[in-house]
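Quick notes on the structure that follows.
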Number of protein chains: 2
Amino acid sequence: MFRLVLRIVADARETPSGIPELLAGKGVYLQKKSLDVADYVIGEIAIERKTVNDFISSLYRGRLFEQAERISSAYSKYLLIVEGDAQEALADLKNPNVYWGTLLALALKFDFRIFFTMDQDETASLLYLLAKQAQSDYRMQRPMLVKKPRMETTKDWQILILGSLPSIGPKLAEKLLQSFGSVRNVLKASSKELAVRGGIGEARARKIQQLLDAEYRPGQAKQSKLA
Amino acid sequence: MFRLVLRIVADARETPSGIPELLAGKGVYLQKKSLDVADYVIGEIAIERKTVNDFISSLYRGRLFEQAERISSAYSKYLLIVEGDAQEALADLKNPNVYWGTLLALALKFDFRIFFTMDQDETASLLYLLAKQAQSDYRMQRPMLVKKPRMETTKDWQILILGSLPSIGPKLAEKLLQSFGSVRNVLKASSKELAVRGGIGEARARKIQQLLDAEYRPGQAKQSKLA
DNA sequence: ATAGCCGGGTGGTGA
DNA sequence: TCACCACCCGGCTAT
């Protein structure tokens, strides 16, 4: 009797979670590797697994989106499994909107599919089913969505450069560029011009000028000439 | 002066759920319509809301995928909100795999983003956040700015600014500062000077000059500044 | 590529 | 001109 072999690649660091073992118990052909970005790979689908607590804490560490970026650029389909009692964790959260907001961003901007499981066991079942579906649908995959262009335009650089100035964020950077036309023009401008033509006030303008003209001192120079 | 208003379209049949009212309470401009396929529409995103029980019972009716098909062909992005205690409902199921399998199919084949909320209140919050995100995305996306990790000293700022130039890292930035003495002097220098005195090549130098002098072009139509 | 809050800067208003 | 104040922006922080 022919038996279908499901194949799942698991990152070596997932071993302690017990999930690889559970999968093997279900008859999956498990391949352990050292994966760069994801925790599991099934066919062309990458899976990132995170416990609720990991997920929550990564909200505040900023590392989350960077990781999401890596996965999304490496695979065409990818899903996030959040494991554990999300509801309970959510109750402890001071600001639940951050949680929901992040999920929305992951789902809509990064194109993640997100699943919630209660424990490793459920995660294993989910992966198993996924492998089964991926296998049977092998040939009837829908065409993928167009890749996001993610262009690094000149405009982005311009805003980035000005935005690295103190007390200048993206909004102000854009305003300045609109007023002055180019990065150089902004940087050439005197503080008065900055204050008059750009939408920024004298205080900020002076601060910027001082910084631009400040003499560079290697070593730990702590000239608090600002403000 | 205008106040920014979030706008959500709700199907008339959603009224009894109380969610439209909750949204209105959050200051959303709610528009009730009779929608063909979805329950809510936010920007270009369609939202189908289902209570857990509805969802579960529709597993066995087969009508679910037909509905999914209709939504997916009418909108480019769409999400499903499953409202209620999924965990509890799942415990009653004889065969949970049907549940998970359906979710997987919806997510991967139909490209649904699926969210789970506890009650109408949470659903309303989710929709509200979604509207907010959709709205801020409608503006042009801005480049991610350099992390400004607590800059105290002038020296750090100087390096950060130059480091935000293309192909200039912290190391080169420092070198340039040492050669030229101040940020302004670096930016004033011609590409030849940069190449000769700073340790960078002409190619990089030219690239930087180009960027500095590039005319700023707002990508999207900017809102006219009527006062 | 989160959301909320706070502090400070800006620019307008009206005296 | 000045004082006030409303708004906007940027920076911080959150489990």
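Every value quoted in this text rests on a predicted model; they were computed, and no experiment measured them. Letters A, B, ... are given to chains in the order of the sequence lines, protein chains preceding strands, and every chain is numbered from 1.
If you take OH of A:Y60 and P of C:dA3, they are 12 Å apart, rounded to a whole angstrom. One can place CG of A:D85 at 15 Å from C1' of D:dT15, the figure rounded to the nearest angstrom. In this structure, the CG atom of A:L160 is 14 Å from the P atom of D:dG10, given to the nearest Å. Rounded to an integer number of Å, the gap from A:L172 CG to C:dG11 C1' is 13 Å. With rounding to whole Å, A:F65 atom CZ is found 11 Å from C:dA3 atom C1'. Following rounding to the nearest Å, A:L194 (CG) and C:dG9 (P) show an atom-to-atom distance of 17 Å. Look at CD1 on A:I159: it is 15 Å from C1' on D:dG10, rounded to the nearest Å. We find that CG of A:L176 is positioned 14 Å from C1' of D:dG10, with the value rounded to whole Å.
A close approach under 4.0 Å does occur between a side-chain nitrogen or oxygen of A:K109 and OP1 or OP2 of C:dT2. Regarding contacts with the backbone of C:dT10, every side-chain N or O of A:K175 stays at 4.0 angstrom or more from both OP1 and OP2.
The aromatic rings of B:F115 and A:W100 sit tilted relative to each other, their planes meeting at an angle between 30° and 60°. Ring planes of B:Y99 and B:F55: perpendicular class, angle over 60° (limits at 30 and 60°).
For A:D111 and A:R113, the salt-bridge test passes: some basic side-chain N is under 4.0 Å from an acidic carboxylate O.
Between the B:Q133 side chain and the A:T102 main chain, no donor and acceptor come within less than 3.5 Å of each other.
Nearest heavy atoms, A:S182 versus A:L177: C-CD2, 3.9 Å.
In this structure, the separation between CD on B:E21 and NZ on B:K26 is 13.0 Å, given to the nearest 0.5 Å. Here the CZ atom belonging to B:R184 is positioned 10.0 Å from the CG atom belonging to A:L211, to the nearest 0.5 angstrom.
Listed nucleotides C:dA1, D:dT15, C:dG9 differ in distance to A:R204; the shortest reach to its side chain belongs to C:dG9. Distance from the side chain of B:L129 is smallest to C:dA3 among C:dA1, C:dA3, D:dT15. Each of D:dT15, C:dG9, C:dT2 was ranked by its minimum atom distance to the side chain of A:A105; first place goes to C:dT2.
Nearest-nucleotide assignment on DNA chain C puts the 5′-proximal partner with B:Y128, out of B:Y128 and A:E202.
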Donor-acceptor contacts, no H, no angles, side chain residues 37-45 of chain B, under 3.5 Å, sequence neighbours left out:
residue: B:D39; atom: OD2; partner: B:R49; partner atom: N; Å: 2.8
residue: B:Y40; atom: OH; partner: B:E14; partner atom: OE1; Å: 2.6

Starting at the 5' end of DNA chain C, write a dot or bracket for each base, bracketing those in Watson-Crick or G-U wobble pairs whose two distances are under 3.5 Å and using | for partners on another strand.
-> .||||||||||||||

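With a 4.5 Å cut-off on side-chain heavy atoms, A:L187 and A:I208 do not count as touching.
Heavy atoms of A:S57 sit under 4.0 angstrom from at least one base atom.
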Starting from the C-alpha separation in whole Å, work towards a yes-or-no answer on side chain to side chain contact (heavy atoms under 4.5 Å, CB included) for B:L22 and B:L127.
-> CA-CA 10 Å; B:L22 288 169; B:L127 291 175; over 6 Å; no

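Taking a 4.0 Å limit (strictly below) on heavy-atom distances, residues 87-101 of chain A reaches DNA chain C at A:N95, A:N97, A:V98, A:G101.
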